Amino acid sequence: MDFGAKVVLVTGASTGLGLALSRRLVQTEHRVILTARSQSLARFKEQGLQESPRVWVRPMDVTDGSQRRRVIEEASERWSGVDVLINNAGIAYRSVVEHLKDHERLEQMDINFNAPMELVRLVLPGMRQKKAGRILNISSVGGMMAMPTMAMYSASKFALEGATEALWYEVRPWNIRVSLIQPGFINSESFMKTRRTSSSQRSETSELDPYHNHYRFMQPFIARMMRLAFATPEDVANTILKTMERRRPPLRVPATLDAHFFALLRRLLPRNVYHRVLYYALPNVRKWGPF
């Protein structure tokens, strides 16, 4: 793929990693479509990101099929289609499996898995016609290893990784390159936006709940790891941009130092040892449950 100016679509572009990536992209020669939910669009202007002849700002709730189609159709009519799709939008629930209800599981999967797959489906006909394209799905270390109290987040990222791996094989005949970006801990306040279920909220505040110590110890542990992390949203945004413009981008791209470490650990250790090591590395795990 000749990497001159391309049409790049980014979801979840108004905050966190998406915002850092937006700032980088608007400095390039690419034509960029920045999307976010309607109520978040004001953030672009607040952050100095203005529309221009080669930068669009469009409302897109990734779970809304009509909004997805509208953005893709406009890109096809005015800019001959999307050359690069970056599926960045996502949410995370902090909850053990027992504290998740149907609607919470479905919301997690809709945003982190179903919506990216639908956007992929919408852009592929144009990419196949051009015999070129790039699809970058933002996964996570949570897509290579599961973390207690983040069960459905990991499930959504495991699903994204599996489907993207299949897609890697399926679209290679048309020179469409597919990559998974796997950030680990990022030095940002994004952990503050992690959602709770009604049951996990009650458990966090009730010392009598069987899972109280799971939340009590995991939440500050994750916050501490985020604050101690060397990687910033800007670092990961640079990795995404470099991967996007590589001639032969790999399928999986660990985007932080800890992501590289956990990928290596998973490859080197026998599975039963790997899980035992991680279990006893959990914060105050001997105080979890009715010991």
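Quick caveat: nothing in here was measured; it's all calculated off a predicted structure. Atoms considered below: every heavy atom in the structure, side chains included; atoms not considered: hydrogens, waters and symmetry mates.
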**OP:** May I ask you to decide whether Glu74 forms a salt bridge with Arg78, counting only side-chain N to carboxylate O separations under 4.0 Å?
**Re:** yes
Original post:
Any chance the side chains of Asn187 and Thr232 put a donor and an acceptor closer than 3.5 Å?
Top reply: no
Atom pairs and distances, side-chain donor-acceptor, residues 33-40, under 3.5 Å, sequence neighbours left out:
from	atom 1	to	atom 2	distance (Å)
Thr35	OG1	Val10	O	2.8

Original post:
Ignoring hydrogens and geometry, is there a side-chain-to-backbone donor-acceptor pair from His212 to Ser206 under 3.5 Å?
Top reply: yes
Subject >> Residue from Ile86, Val82, Val32 passing side-chain contact (heavy atoms from CB on, under 4.5 Å) with Leu9 >> reply: Val82
**OP:** Could you tell me whether Arg70 and Glu73 make a salt bridge, using a distance below 4.0 angstrom between a side-chain N and a carboxylate O?
**Re:** no
Subject >> Test item: side-chain donor near acceptor, Gln182 and His260, under 3.5 Å >> reply: no
Original post:
Can you check whether Ile138's main-chain N or O pairs, donor with acceptor, with Lys157's side chain at less than 3.5 Å?
Top reply: yes
Original post:
Any side-chain donor-acceptor pair under 3.5 Å between Ser200 and Thr197?
Top reply: yes
Subject >> Tyr215 and His99 side chains, donor-acceptor separation under 3.5 Å >> reply: yes
Original post:
When you check the gap from the basic side-chain N to the acidic O, do Glu107 and Arg195 get nearer than 4.0 Å?
Top reply: yes
Original post:
Rounded to the nearest 0.5 Å, how far apart are CD1 of Ile135 and CG of Leu85?
Top reply: 6.0 Å
Subject >> Spatial distance of atom CE (Met244) from atom OG1 (Thr239) [nearest 0.5 Å] >> reply: 13.0 Å
**OP:** Would you kindly say whether Arg202 and Ser199 are connected by a side-chain donor-acceptor distance under 3.5 Å?
**Re:** yes
Original post:
Under the side chain to side chain donor-acceptor pair (under 3.5 Å) test, which residues partner Gln129, sequence neighbours left out?
Top reply: none
**OP:** Compute whether any side-chain donor of one residue and acceptor of the other, for Ser139 and Glu161, lie under 3.5 angstrom apart.
**Re:** yes
Original post:
Would you say the side-chain atoms of Tyr93 and Arg196 include a donor-acceptor pair closer than 3.5 Å?
Top reply: no
